[in-house]
Amino acid sequence: MTLLSFFAALALLLACVGIYGVISYTVAQRTREIAVRMALGARRTDVLRLVLTDAIKLILVGVAIGVAAALALTKAMASLLYGVSAADPAIFTSMTLLLIFVSLTACYVPAHRAMRVDPMVALRYE
């Protein structure tokens with residue numbers, strides 16, 4: 001059980017790093033767009049909302065696919081579980097909320113970096 005817990009924590013860390021990388025890449029690709037928006041009067045909170053809204057859409061799609069796959073695979077894992085039913089709603093809910101929280105935390109750093117973009121520097125870049 002300790003080994004499974006270790007691999008679960010490692011998987012959570014890898015998911016967090018992967019989400020951070022994807023969101024950082026999309027923010028880097030949209031730097032000019034964000035700079036134009038800020039030059040035209042967008043507030044920093046608007047930029048934060050823009051980046052986090054896009055990230056939340058990706059997170060919710062990923063969580064939905066993950067929960068569906070987990071429910072499908074519970075029959076194969078039922079023999080390995082002790083003291084818990086294969087489709088325990090408390091476990092599924094708590095893990096879903098944990099993954100959403102970790103994902104949003106991983107998305108905050110690129111979103112915060114996007115808020116601090118200087119429009120003049122970003123527009124002069126190319």
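Computed over heavy atoms, backbone and side chain alike; hydrogens, waters and symmetry mates excluded.
Here CG of L10 is found 12.5 Å from OG of S5. Values are rounded to the nearest 0.5 Å. Rounding to the nearest 0.5 angstrom, the gap separating the CD1 atom in I34 from the CE atom in M115 is 11.0 Å.
Taking the side chain as every heavy atom from C-beta outward, M38 and R44 approach each other to under 4.5 Å. Side chains of R49 and D46 form a contact here, defined as non-hydrogen atoms less than 4.5 Å apart. Contact check for T105 versus F101: side-chain heavy atoms found under the 4.5 Å cut-off. Within the 4.5 Å cutoff, the side chain of D54 has no heavy atoms near those of the T26 side chain. Taking the side chain as every heavy atom from C-beta outward, L58 and I23 approach each other to under 4.5 Å.
Among all heavy-atom pairs drawn from F92 and L71, the shortest one is CZ-CD2, 3.6 Å. For C107 against P110, the heavy-atom pair with the smallest separation is O-CD, 3.3 Å. Heavy-atom minimum distance, L48 versus H112: CD1-N, 4.5 Å.
The hydrophobic clustering, which links ILVMFWY residues whose side-chain heavy atoms are closer than 4.5 Å, places L104 and V51 apart. Under the 4.5 Å side-chain contact rule for hydrophobic residues, V27 and Y20 do not share a cluster. One hydrophobic cluster, built from ILVMFWY side chains closer than 4.5 Å, cannot hold both L98 and I100; they sit in different ones.
The side-chain contact (heavy atoms from CB on, under 4.5 Å) test with K57 singles out one residue from T53, I59, L60, and that residue is T53.
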